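Only heavy atoms go into these numbers, but all of them, side chains included; no hydrogens, no water, no symmetry mates. So you know, we letter chains A, B, ... as the sequences are listed, proteins then strands, and number each from 1. Note that the structure is predicted; figures quoted are calculated from it, not measured.
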Amino acid sequence: MREPRNPFRLRASEAIESDTTFLKLFGPGMLDLLPTGQQLWDKPQVFRSAPGAGKSSLLRLFTPSVLLTLHSFRRNDDLKELYQKMAEMGVIGEEGPQLLGVFHSCARNYATLEDLEFDPARKERLLFGLLNARVILAALRSALALRRLDYPSDLGRITLGSSVLHAFGSTFSAGSTGKDMHRWATQLEGAVCDAIDSFGGSDLKSLPGSETFSALSLLQRDSLLIDKKPVAEHVLLLLDDVHHLTHRQRSRVLKVVAELRAGVGIWLAERFEALSSDEMLSSGTAEGRDYEGEILLERFWREHPRKFETVLMNVADRRASAAVDVEITSLDSCLQASLDGPEWIERYEVAIPTIRERVIKTVGGRSLFQAWIQAQENDGGTARDRAIGWRTLEILIHREIKNEQRSFDFPLSASDLTERSDSQLKAAAELFLSQEFNLPYYFGTRKLATLASWNIEQFMRLAGDEFEEVVSSRTVRRVATLDAGRQDALLRVASTSLWSEIPRRARNGEKVLKLLESIGRFCRQRTYEPSASYDPGVTGIAISMQDRESLQDEGFLQRNPDYSVLADVLAAAIANNLLEPRLDSKAKGSSWMVLNLNRLLCVTLDLPLGYGGWKEQHLRDLHAWMTAGYKPKQATLL
Amino acid sequence: MKPTRTDRWASYVHVSGDSLHIFLQEHLGTQDRNKKSCLIVGKGFDPRMLGGATALRTVLGPEQLSIVMLVFDEGPTSPSRKYDGLVQKNIGMLTLMVPAAQIQERTISMFSSEGRRITSRSAGSVFRSVDELMGFSDIFVDVSSLPRSVYFPVVAKLLHLLDGIKDCTPPNLFVMVSENAQLDRRIVEEGIDEDADYIHPFRGAVERESAAGRPKVWFPLLGENQGVQLTRIYDLINPAEICPLLPSPSMDPRRGDNLVVEYREVLFDQLRVETRNFIYASETNAFEAYRQLRRAILHYAEALEPLGGSNAVISANSSKLLSVGALLAAYELKCDTVDIAIAHVEAHGYVLRDSDDDLDRLATESRLQCLWLSGSCYA
């Protein structure tokens, strides 16, 4: 394949065929997701997220070829940090990898087994039979790879430990080798797959199966021996794409895993879509409800935003450095990060008199605001500061005028102005300015990271768009920095694209789109109130925890089929990371499930990117928004 | 010594337009009036579902034609449901051509009880026995209003059943397609599934752990507006090599170029396709697509033999005509025990861009194509 011109465009980790490239592009900060200590290898861990959050990349890191490459390049500057972290976890050491990672994707034909005309018990036997065969094959290949032996010719050097012999009963004997296991597993897999893929008429009744997930017996240190020695200190089964199993299969596998005794390492990665609408609506941050061993990637990053930003910047710099046509070591250095440069001063200078004039007109003859106006007139900051100052003042004046309870018309002092001009209000003023005077708002790496909405793939897509311009610019020997205006324009295009993809991408796409458009219009309406009551803006809605429980209640949904559709639509939006859920947010003496718009959706709506502003809604209103659309009770104010 | 593989459709019968009418007249119009033909169509809102029936009725009496109408329920929330009126209109037209008693409905389940896609497996079971076919001299499958996940397994199963007849003359099998690029552009997929999957019974060995070491080679047939589908199919396959098939030559001489421009980012930046890997096949000749694909797949299988062989995967996000070529290549290779899979991503339904006022007019501008796949001409 060709060398990458724009490494941000490379598809997910599976597509990066070279282990060296994969490692160089991997952000070590991703390892912060993992719990520390022995429980990594002792207890099952479940990783859940929307697509593109980095689950598969994380799992791939622990596979033999990647670990061997990491060991070989451990002194390389690009990989030192990663090596160090992996060494601290006990995965790797000077003598080599200490972990046998057995990767297996469930995105295979397991679900098809459910379509065969068998009773459930027979289907379960087939499921476990196929799982056993495949995990055995993956384990044999991984074991040889870890010891740099040849597959399949060196299979005869593998012998089986007592745990495996016990689990598989009479299938294998003490003298069995890897060759015997390989033959057995290949035949079983072939028989089942041939039957599944036939035109019909195959003898399905004689298909082999297994009573349980016996291959888990391979997850012991001494279960597979090469030349009579354990392959590695730890064995870890990495089951990816568990959401591809049917509900019945998935719950059976999870049950078996949950019943495992301590000391068995198994990681399961799945998308939110594996969850039912009921379970989906349970996702988010619920204090104290998550059971041990469940890692929700988006939630983790939401709770550790700085870590997420660090991971993104690290990954971005690694990708930028990997470009072949240009020499760039950091994405940050390519993106203009402020509007204080001379090219923007003129734009602010144009804005100031317009706002000033409006302020004077709004105040009219009132003496109440004279000190505030005077203080702003005397402000000697940059053009940008002064413009924001005037816009802040305008918002404050609207607030005062709106406040009808003032009984005395005492002049407000300059210190009042300073006191009330907090950072939130200034952020709202800056947003209003950008919107009114067509100034860039979405630019800089900070905002780029926020626009990822806790999803690495979304970040790559946005950063890739910006990097593309940087590369093109350098190719024609122009300035290599992407100005704020261009960044803003590119992100707006990406936002529009995300909106337009919704009907095609999401289940119930039309309804999801309608609901999100309604939420967006509502947020915009509230954000751009002249008094900026919800500064710096509203970017989400909330339903009460009680309403959420109703949406999870089968009886309630049967009695109210309209709300059943609403529950499905909300679940689809959450599963696709179009809405970011947060449970148990406290406000007005109640608990709420907050649903924030994906940050990239906010761009087209000129909304801020903070998570603070949300407004509670009733289910009946949301249902109306989903079906008829949001109808503002008052005209849009800006 | 490897067995010599025969190119089953090296010589073929493919007629369209005015020639099709003459062909049908000669083939069906002159035969014994007691012989019956079967037409398999999809129940849908696309007016092209009537194209095959209309053509056949010009040469056959109503009593000579039986219709099997495949009904696929996309669910109550499918965007296609808003066109139920158009569906009823099409059925009304069909019953004017053939008595209702001769129209048999067969339902294809699109989803399992838990909401999982089962379309292709269900479609593969629509015909279970050759006995269902023996009463007909000719079987026509009009795929114009059928999704790939339905007509791929149906046509493959029919070929399989007919190929199994050894002791008597099997019925002839034809595939009909009403090609209309303008209508194709108007009818767009909506609610594309989150994940691609392989179409039954073309899963090949690509999912087998025992074949995991073999390089996967992906042959995507490119068509317009399929960017999302392509990336989802790519995510499913994760191929080592990609050989896109472009429709060239084509009526619009720039069509191939335009497709490359449309998918520039996906093909070259994301997937890093080598430009020398492109395959070309005429957009109006399914059999050429079949030949090109077959040759390329066998070439890769042979070249990669020292590595244990290859896993070939086709995806047909192109016109229906070309996708039939892909199906033929896959069917023949599967019969030859070559590992071959067909990847596909389904949609929740279809919507019409713009109004439906001029659908009937547009449909009359379609060009009906007929491909003779098995029967007396190949005997």
Side-chain angles (χ1 to χ4, degrees), chain A residues 1-6 8-12 14-15 17 51 104-105 107-109 111-112 114-115 133-138 141 151-152 182 185-187 189-190 193 196-201 241 243-244 246-248 271 273 464 468 501 503-511 565 568 575-576, chain B residues 76-77 79 112 114-118 121-122 124-125 128 153 156-157 159-161 164 188-195 197-198 200-213 228 231 234-236 238-242 265-266 268-275 334 341 347-348 351:
Chain A
M1 293 201 180
R2 295 159 60 242
E3 288 298 311
R5 195 177 68 88
N6 181 348
F8 289 90
R9 295 275 194 238
L10 290 178
R11 295 285 300 157
E14 300 93 315
E17 71 275 16
H104 180 64
S105 167
R108 310 263 173 128
N109 50 1
T112 314
E114 286 288 323
D115 304 329
R134 285 174 168 168
V135 170
I136 284 174
L137 289 167
R141 189 185 309 104
Y151 175 88
H182 186 266
T186 304
Q187 281 173 358
E189 186 190 37
C193 289
I196 288 174
D197 207 26
S198 73
F199 284 104
D241 303 312
H243 55 275
H244 279 281
T246 65
H247 291 318
R248 192 210 307 260
R271 290 187 198 159
E273 70 195 53
E468 184 69 36
E501 284 168 8
R504 305 189 78 198
R505 280 182 178 265
R507 179 67 62 92
N508 290 315
E510 280 290 337
K511 288 190 170 64
V565 178
D568 288 343
N576 284 279
Chain B
T77 58
S112 68
E114 58 179 15
R116 187 169 40 82
R117 280 276 180 199
I118 53 167
R121 196 158 191 95
S122 175
S125 306
R128 288 177 178 266
K157 183 68 173 283
L159 275 169
H160 171 74
L161 291 173
V188 293
E189 292 170 313
E190 196 170 280
I192 297 166
D193 284 356
E194 194 57 50
D195 293 294
D197 196 6
Y198 298 103
H200 176 76
F202 297 104
R203 305 190 85 91
V206 73
E207 296 177 305
R208 298 188 191 191
E209 192 65 45
S210 49
V228 176
T231 51
Y234 174 85
D235 289 342
L236 170 75
N238 189 20
E241 193 79 5
I242 304 171
E265 186 184 311
V266 177
F268 301 117
D269 291 343
Q270 294 182 8
L271 311 183
R272 293 183 288 160
V273 174
E274 295 281 2
T275 47
K334 182 178 168 71
H348 198 49
V351 290

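Looking at B:Ala212, the atoms closer than 4.5 Å to chain A (heavy atoms on both sides) sit in the backbone and in the side chain alike. Using a 4.5 Å cut-off between heavy atoms, A:His104 touches chain B through its side chain atoms alone. Using a 4.5 Å cut-off between heavy atoms, B:Arg116 contacts chain A through its side chain alone, with no backbone atom that close. For B:Ala156, the parts sitting under 4.5 Å from any heavy atom of chain A are the backbone and the side chain alike. If you measure heavy-atom distances from A:Thr246 to chain B, the contacts under 4.5 Å come from both the backbone and the side chain. The part of A:Ala107 that comes within reach of chain B is its backbone (N, CA, C, O), which places non-hydrogen atoms under 4.5 angstrom from that chain.
Across all their heavy atoms, B:Gly213 and A:Arg141 have their closest contact at N-NH2, 4.5 Å. Residues B:Ser210 and A:Leu137 share a closest heavy-atom pair of N-CD1, 3.7 Å. Residues A:Ser198 and B:Pro201 come closest through the heavy atom pair O-CB, 3.8 Å. Scanning all heavy atoms of the two residues, the minimum distance from A:Ile196 to B:His200 falls at O-CE1, 3.3 Å. Counting all heavy atoms, side chain and backbone alike, A:Arg108 lies closest to B:Arg203 at O-NH2, 4.3 Å.
Judged by distance alone, the side chain of B:Glu209 and the main-chain N or O of A:Ala133 form no donor-acceptor pair under 3.5 Å. Put simply, the side chain of A:Asp197 gets close to the backbone of B:Gly204: a donor and an acceptor are under 3.5 Å apart.
Ring geometry for A:Phe199 against B:Phe202 counts as perpendicular: the plane angle is over 60°, on a 0 to 90° scale with 30° as the lower cut.
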Assess the residue pair A:Arg271 and B:Asp195 against the criterion (side-chain contact (heavy atoms from CB on, under 4.5 Å)); give the C-alpha distance rounded to whole Å, side-chain angles, the decisive distance to 0.1 Å, and a yes or no.
CA-CA 11 Å; A:Arg271 290 187 198 159; B:Asp195 293 294; 3.1 Å; yes
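With chain A as the partner, the residue from B:Glu265, B:Arg208, B:His160, B:Arg128 showing the most heavy-atom pairs under 4.5 Å is B:Arg208.
Here the straight-line distance linking atom OG1 of A:Thr112 with atom CG of B:Asp197 works out to 6.5 Å at 0.5 Å rounding. Here the CZ atom belonging to B:Arg121 is positioned 6.0 Å from the CG atom belonging to A:Asp115, to the nearest 0.5 angstrom.
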